[in-house]
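Shown next, in C-alpha cells, is the structure this report addresses.
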Amino acid sequence: MTIRTRFAPSPTGYLHIGGVRTALFNWLLTKRLGGQFVLRIDDTDSERNRPEALTPILEGFRWLGIQWDEGPEVGGPHTPYFQSGRLELYQKAAISLLEQGLAYPDYMTKEELDSDRKLADNQKRAYIHRGPLRDNSKDDNLIRYRKNPAPIRLRIPENKTLLVDDLICGRCVQDSNLVGDPLILRADGRALYNFASVVDDISLGITHIIRAREHLSNTYAQTVIFEALGTSMPKFAHIPVVNEPKSKKKLSKRDMAKFVTVEVRAKLNSVGFTDEEISNRDDLNPATVAYYRELGYLPEAIVNYLARLGWSLDDKTEFIPIPEMIAHFSLERVNDSPASFDPDKLFWLAGEYMKILPMDKKIAGCLPFLKRANLIQDDPNPQTRALVESIISAAGERIKLFSDIIALARPFLKSTIEIQPQAQEKFLKTPGTAEMIRSFLEKVEMANPFDSTTLDHCLHEFCREKDLKPGKLVQPIRVALTGTSVGFGLFDTFAILGRDESLARIAAAILISG
RNA sequence: GGCCCUAUCGUCUAGAGGCCUAGGACGUAGCCCUCUCAAGGCUAAGACUCGGGUUCGAAUCCCGAUAGGGUCACCA
C-alpha cells in the first residue's frame with residue numbers, strides 16, 4: 001500500500017510559513033516513499049471563506065515547487081477537494097454515529113454552555129462538557145433529533161485511556177474523562193473541523209497525518225471518531241511548531257501585523273511597494289511565503305531552509321537541494337522541540353542558491369524587478385537585455401536576492417546619477433582630488449581599446465607615475481561613475497558604461513569636486 | 001487553572017552510556033586577501049536548565065524541580 005498524505009489549509013489569502021513547513025514535511029515523506037500528496041481545502045467555516053483567498057495559497061505552493069497529486073485544479077478520484085462541497089458526507093457520518101448511539105443531540109443553549117464554562121473556570125478546573133442526552137437511549141435521541149435538529153456531539157467513552165502512537169512524540173496517552181464531548185455537526189448541518197477532517201481523512205484514504213504539534217490534544221478525541229466510524233487509525237506525526245524569530249512563542253497567524261516593522265516596510269518600499277499596498281495586502285508580511293517571493297528570494301532556498309527547521313540530514317549538511325532532500329527525508333530525524341524561524345539563515349541560504357543559479361535564470365529573475373523599479377521597459381530590446389546581462393555578470397555574487405539588482409543596476413540604467421552625499425564628501429571633496437581626477441581623465445581618454453585590460457594597465461601605470469595607492473584613485477573614480485562608493489570591480493564598471501559615458505561622468509565629477 | 005508536550009552555543013542543529021577537553025551551520029568579532037563592497041581563507045567568543053538517582057562511567061537512562069510551549073470554541 002502506498003502512502004497518502006494531505007495538507008488541509010483554510011483559504012486565508014496567504015500562505016503561512018509555518019503551514020508551508022508542515023505541507024513540506026508531508027510532501028517530502030510522500031515523495032520519498034512514493035505515494036500521493038493531497039491538498040484539501042478546509043473551508044467549512046463559511047464566514048471566513050472567500051474563494052479568491054485560495055489563489056495565493058495555490059500559487060505559493062506551485063512557486064515553491066510543492067506540487068499536489070490530488071486537489072484543487074488538478075482533480076483526482078475523490079473530487080471535490082473542498083470541504084464545503086462534502087457536507088453531505090459529514091452529515092451522513094454524524095447521523096450514523098447518532099444511530100449507533102455514539103453521538104447525541106445537544107439542546108443546551110449558548111448561555112447555558114457559557115455559564116457552565118464560567119463555573120468551571122471559577123472552580124479552577126478544566127471544563128469538560130457532557131450533554132444531558134449523552135446517556136439517553138439512541139432511539140429516543142434519534143426521534144428528538146428528527147423532530148428538532150440540534151448540534152450533534154460525539155460521546156466520549158468514560159474511563160478509557162485514549163492512546164495516540166505518534167511517530168515523533170512517541171506513545172501519548174490521555175484519560176478520556178478529561179476530554180469533553182466535542183461538537184461534530186452544527187444544527188444547520190455544517191460540520192466542525194475536527195470531525196470533517198477525520199471523515200475526509202477516512203474517505204480520502206489518508207495513511208499518514210503529519211501536522212503541527214498544536215493538534216496533538218485534538219487527536220485524542222479524533223481517535224474516538226476514527227474508531228466510531230469503524231476504520232483503523234492512520235499514522236500520526238505531530239511535528240513541533242515554528243516559533244517567532246529569537247522567541248519561544250509560536251509563529252502565529254493571529255497578530256501577524258507586528259512583523260511589518262519599519263525595516264520590513266523599508267525593504268518592501270525599496271522594491272516598489274507603496275505604504276498603501278503594504279497595509280492593504282496581508283500577504284506582504286514576513287510570516288508569509290509571498291513576502292519572500294516579492295523580495296526576490298529563490299524558492300529552493302525557502303524549501304531548503306524550512307526543511308532544515310526541525311529536520312536535519314546529518315551533523316553538518318545545510319545546503320540540501322530538493323532531490324537530495326527527497327532521497328533522505330525521514331520522520332526519525334525530525335526534532336522533538338520547537339524551532340525559531342531565523343530570517344538571517346534563510347537569507348544566507350538564498351545567497352547560496354543564487355550563486356549556483358545559471359545566468360539565463362538569473363536574468364529572467366532580475367528583469368521583473370528592474371521593470372517594477374522603472375529602470376527598463378516592459379519589453380526590453382536586445383541591447384537593453386545585453387546591458388542587463390553584463391550588469392548581472394559583473395555583479396557576480398553580490399546578488400543574493402533578485403531585488404538586489406535594483407540598487408546595483410540603477411547607476412547603469414539611468415542617464416543621470418545621484419551622488420550619495422557621504423560618498424561625495426569623503427571621496428570627491430577632499431583636497432587635491434579634482435586635480436588627480438583631471439589628470440587621470442587625460443590618461444584614460446587615450447586608452448585604446450577601452451576595455452578592462454587596457455584600463456587596468458592604464459590605472460596602475462598612472463598610480464606608479466604619481467606614486468599613488470590604487471585605492472586612493474579607485475574610490476573617487478567609482479563615486480564619479482556610479483555615485484556610490486560600493487559597487488563591483490572598477491574596470492567592469494568602465495566596460496559596462498562604455499567610453500563616452502565613463503568620460504562624461506568623470507568630467508562631471510571634476511566640476512563637483514573642484 | 002486542568003491536561004499534554006518540550007528542554008545542547010543568541011538561533012538552527014549533531015549527539016541513541018565511554019569516540020564529547022560536546023561537532024557543524026547562521027549570526028557576531030578579529031585577521032588575511034583586495035580598487036570599495038560582495039565572495040573566499042583563517043581565528044575567536046559562545047551551550048548540555050537545575051537537583052537527585054542508576055552506572056566503573058551520563059548531554060545521552062530514571063525521578064523531581066524549574067522554565068517554556070501547546071491545548072481546553074457552534075475557529076481551522
Side-chain angles (χ1 to χ4, degrees), chain A residues 8-12 42-45 47-48 83 106 110 113-114 117 120-129 151-153 164 166 169-170 172-175 178-180 182-188 190 192-194 196-197 212-220 238 240-241 243 245-250 253-254 305 308-319 333 335-349 351 355 395-400 404 408 423 427 456 459-460 463 469-475 477-479 482 484-491 493:
Chain A
S10 53
T12 48
D42 273 6
D43 54 356
T44 46
D45 184 14
E47 287 106 68
R48 252 205 246 180
Q83 291 196 321
D106 194 356
K110 199 163 182 111
L113 288 169
D114 281 347
R117 231 190 302 272
D121 206 44
N122 288 341
Q123 291 175 201
K124 296 202 181 246
R125 57 176 171 83
Y127 173 62
I128 296 147
H129 184 76
I152 299 178
R153 279 186 194 275
V164 176
D166 192 274
C169 307
C172 301
V173 291
Q174 174 72 277
D175 179 352
L178 265 21
V179 178
L183 205 64
I184 58 177
L185 201 75
R186 295 172 172 109
D188 63 8
R190 284 147 60 220
L192 275 94
Y193 164 78
N194 268 309
S197 177
R213 188 71 125 249
E214 64 211 63
H215 291 284
L216 182 59
S217 21
N218 287 333
T219 311
Y220 301 108
H238 286 94
V241 297
N243 284 340
K246 315 225 166 190
S247 155
K248 302 274 186 213
K249 279 218 172 5
K250 185 179 112 178
K253 281 187 184 177
R254 298 164 223 268
Y305 175 73
R308 272 288 288 108
L309 196 62
W311 170 79
S312 62
L313 176 61
D314 55 28
D315 59 342
K316 47 178 74 77
T317 315
E318 298 289 344
F319 185 89
R333 291 196 68 87
N335 227 359
D336 237 3
S337 46
S340 302
F341 180 75
D342 181 0
D344 286 338
K345 193 154 181 178
L346 170 58
F347 178 72
W348 168 74
L349 225 23
K355 278 181 196 169
E397 294 178 356
R398 291 171 185 83
I399 299 176
K400 296 193 164 72
D404 290 335
L408 257 12
F427 296 109
D456 192 339
L459 181 130
H460 281 98
C463 288
K469 274 193 166 171
K472 289 280 173 214
L473 176 62
V474 166
Q475 281 303 74
I477 300 296
R478 189 193 312 282
V479 173
T482 64
T484 104
S485 58
V486 301
F488 16 93
L490 190 67
F491 307 114
T493 306

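Quick caveat: nothing in here was measured; it's all calculated off a predicted structure. All heavy atoms count here, side chains included; hydrogens, waters and symmetry mates do not.
Under the ring-ring contact (aromatic ring centres under 6.0 Å, His included) criterion, Phe491(A) pairs with no residue, sequence neighbours left out. Judged as a salt bridge (Lys or Arg N to Asp or Glu O under 4.0 Å), and not counting sequence neighbours, the contacts of Lys355(A) are Glu352(A). When the side-chain hydrogen bond (donor to acceptor under 3.5 Å, both in side chains) test is applied to Asp314(A), the partners found at least two apart in sequence or on another chain are Thr317(A). In terms of the side-chain hydrogen bond (donor to acceptor under 3.5 Å, both in side chains) criterion, residue partners of Thr219(A) (sequence neighbours excluded) are, by chain and number, Arg211(A), His238(A). Contacts of Asp106(A) classified as salt bridge (Lys or Arg N to Asp or Glu O under 4.0 Å), with partners at least two apart in sequence or in another chain: Arg153(A).
For Glu318(A) and rG24(B), a side-chain-to-base donor-acceptor distance below 3.5 Å is present, hydrogens and geometry of angles not being considered. For a distance-only test at 3.5 Å, the side chain of Arg398(A) qualifies as a donor-acceptor partner of the base of rC37(B).
Contact annotation: Arg117(A) reaches the phosphate of rA73(B) (side-chain N/O to OP1 or OP2, under 4.0 Å). Between Asn335(A) and rU6(B), a side-chain N or O to OP1/OP2 separation shorter than 4.0 Å is absent. The phosphate of rU11(B) has neither OP1 nor OP2 within less than 4.0 Å of any side-chain N or O from Ser340(A).
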Are any protein N/O atoms closer than 3.5 Å to N/O atoms in nucleotides 26-28 of chain B? If there are, list each pair with its distance.
from, atom 1, to, atom 2, distance (Å)
rC26(B), O2', Lys345(A), N, 3.3

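Comparing Asn243(A) and Asp121(A) by the nucleotide of RNA chain B that holds the closest heavy atom to each, the one mapping nearer the 5' end is Asp121(A).
Nucleic acid contact class of Lys250(A) (heavy atoms, under 4.0 Å, all strands): sugar-phosphate only. Residue-level contact check: Lys249(A) touches the backbone only, with heavy atoms under 4.0 Å from sugar-phosphate atoms and none from bases.
Under the Watson-Crick and G-U wobble criteria, each requiring two contacts below 3.5 Å, nucleotide rC3(B) is paired to rG70(B).
Comparing rU8(B) with rC50(B), their C1' atoms sit 15 Å apart, to the nearest whole Å.
Look at CG on Leu113(A): it is 15 Å from P on rC72(B), rounded to the nearest Å.
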